[in-house]
Amino acid sequence: MTNTVLPFEVRQAIVKLGENLRTARIRRQMSKEDLATAAQISRKTLYALEKGAPGVSMGTLVSVLWALGLLDTATAVADPDTDEHGRILEAARRPKRVGSPSSTDNDF
């Protein structure tokens with residue numbers, strides 16, 4: 001995937017994610033070789049991920065998060081329970097409930 005295909009904000013988010021992964025690796029005092037081995041990827045792939053290359057697979061990203069002990073952050077992404085906008089849209093599409101007739105409606 002080329003950089004020109006992606007919106008600017010998406011590209012920036014990918015670069016920031018790569019920087020965050022690099023920081024997490026360094027804080028854990030892991031070498032690129034150690035992390036790549038733990039995630040079962042090549043050092044070259046880890047380098048591309050840390051540099052924000054958009055073509056790195058989601059499986060690779062999640063494997064690196066797992067190797068860093070950050071797997072919970074991957075499962076929290078787009079969690080429907082924390083998606084307030086989505087919940088509002090869903091609620092707006094629900095049919096309105098019809099109330100039960102009151103006792104005065106049955107009077108003849």
Side-chain angles (χ1 to χ4, degrees):
M1 180 178 281
T2 63
N3 295 343
T4 57
V5 173
L6 300 173
F8 176 77
E9 294 85 358
V10 172
R11 179 74 182 116
Q12 290 304 107
I14 293 170
V15 169
K16 177 66 175 151
L17 179 57
E19 291 169 355
N20 291 349
L21 292 171
R22 181 177 184 274
T23 300
R25 176 181 59 77
I26 290 169
R27 285 182 176 171
R28 286 161 178 74
Q29 298 181 336
M30 294 179 80
S31 69
K32 288 180 186 173
E33 187 66 37
D34 290 341
L35 181 54
T37 299
Q40 299 179 6
I41 60 173
S42 71
R43 213 171 123 244
K44 183 179 178 180
T45 300
L46 178 60
Y47 177 82
L49 184 61
E50 288 185 354
K51 288 296 180 186
V56 178
S57 77
M58 191 180 323
T60 298
L61 169 61
V62 175
S63 292
V64 169
L65 289 170
W66 170 79
L68 290 168
L70 297 171
L71 189 57
D72 288 345
T73 61
T75 57
V77 173
D79 182 350
D81 292 334
T82 60
D83 179 13
E84 285 302 314
H85 183 72
R87 293 169 98 181
I88 291 168
L89 291 171
E90 181 181 45
R93 288 190 301 267
R94 286 189 195 125
K96 304 292 184 234
R97 293 185 181 208
V98 178
S100 61
S102 68
S103 61
T104 58
D105 291 342
N106 294 330
D107 293 338
F108 293 97

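No hydrogens, no waters, no symmetry mates; every other heavy atom, side chains included, goes into these values.
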Trainee: Check whether R43 reaches the backbone of T37 with its side chain - one donor and one acceptor, N or O, closer than 3.5 Å.
Mentor: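 Absent.
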Trainee: Would W66 end up clustered with L61 when hydrophobic side chains under 4.5 Å apart are linked, directly or stepwise?
Mentor: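 No: no chain of side-chain contacts under 4.5 Å links W66 to L61.
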Trainee: A side-chain contact here means heavy atoms from C-beta on lying under 4.5 Å apart; do L35 and L68 qualify?
Mentor: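 SC-SC contact between L35 and L68 confirmed.
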Trainee: Give a yes or no on whether V64 and V62 share a hydrophobic cluster (residues Ile, Leu, Val, Met, Phe, Trp, Tyr; joining criterion: side-chain heavy atoms under 4.5 Å apart).
Mentor: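 No, it is not one cluster - the side chains of V64 and V62 are not joined through contacts under 4.5 Å.
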Trainee: Less than 4.5 Å apart, any side-chain heavy atom of L70 and any of R28?
Mentor: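 A side-chain contact exists here, since the closest heavy-atom pair is under 4.5 Å.
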Trainee: Step through the shown structure and confirm whether more than 12 heavy atoms of other residues, nucleotides or ligands are within 6.0 Å of CD on Q40.
Mentor: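 It does not: Q40 CD has 12 such atoms or fewer within range.
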Trainee: Minimum heavy-atom separation for A36 and L46, please, with both atom names.
Mentor: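 Smallest heavy-atom distance, with atoms named: N-CD2, 4.0 Å.
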Trainee: Carefully, step by step, assess T75 and D79 under the rule side-chain contact (heavy atoms from CB on, under 4.5 Å).
Mentor: CA-CA 7 Å; T75 57; D79 182 350; over 6 Å; no
Trainee: In terms of side-chain heavy atoms, does T60 have a donor or acceptor partner in S57 at a distance below 3.5 Å?
Mentor: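 A donor-acceptor contact under 3.5 Å links the two side chains.
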Trainee: Could you pull out the closest heavy-atom pair between V15 and K51, with the gap in Å?
Mentor: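 Minimum heavy-atom separation between V15 and K51: CG2-O, 4.3 Å.
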Trainee: Decide yes or no for E9 and Q12: does some side-chain heavy atom of the first lie under 4.5 Å from some side-chain heavy atom of the second?
Mentor: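 A side-chain contact is absent here, since even the closest heavy-atom pair is not under 4.5 Å.
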Trainee: Looking at T45 and I41, would you say the former's side chain and the latter's main chain have a donor-acceptor pair under 3.5 Å?
Mentor: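 Not a single qualifying donor-acceptor pair exists.
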Trainee: What are the two closest non-hydrogen atoms of G52 and I14, and how far apart are they?
Mentor: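 Of all heavy-atom pairs spanning G52 and I14, the closest is O-CG2, 3.2 Å.
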Trainee: Which is it for R22 and E19 under the side-chain contact (heavy atoms from CB on, under 4.5 Å) test, yes or no, and what are the steps along the way?
Mentor: CA-CA 5 Å; R22 181 177 184 274; E19 291 169 355; 5.6 Å; no
Trainee: Considering only heavy atoms from C-beta outward, does the side chain of L17 approach that of L49 to under 4.5 Å?
Mentor: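 No; the side chains remain at least 4.5 Å from each other.
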Trainee: If you compare all heavy atoms of G86 against all heavy atoms of D83, which two are closest, and at what distance to 0.1 Å?
Mentor: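 Closest heavy-atom pair between G86 and D83: N-OD1, 3.0 Å.
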Trainee: side-chain hydrogen bond (donor to acceptor under 3.5 Å, both in side chains), that's the test. Do D34 and S31 meet it? Break it down for me.
Mentor: CA-CA 5 Å; D34 290 341; S31 69; 3.2 Å; yes
Trainee: Could you measure the distance from the CD atom of E33 to the OG atom of S42? Nearest 0.5 Å is fine.
Mentor: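 It is 9.5 Å, given to the nearest 0.5 Å.
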Trainee: Got a salt bridge between E50 and R25, using NZ or NE/NH1/NH2 to carboxylate O under 4.0 Å?
Mentor: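 Salt bridge between E50 and R25, a charged N being under 4.0 Å from a carboxylate O: yes.
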Trainee: Whether R87 and E84 form a salt bridge (side-chain N of Lys/Arg under 4.0 Å from carboxylate O of Asp/Glu) is what I want to check.
Mentor: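 Yes, E84 and R87 are salt-bridged.
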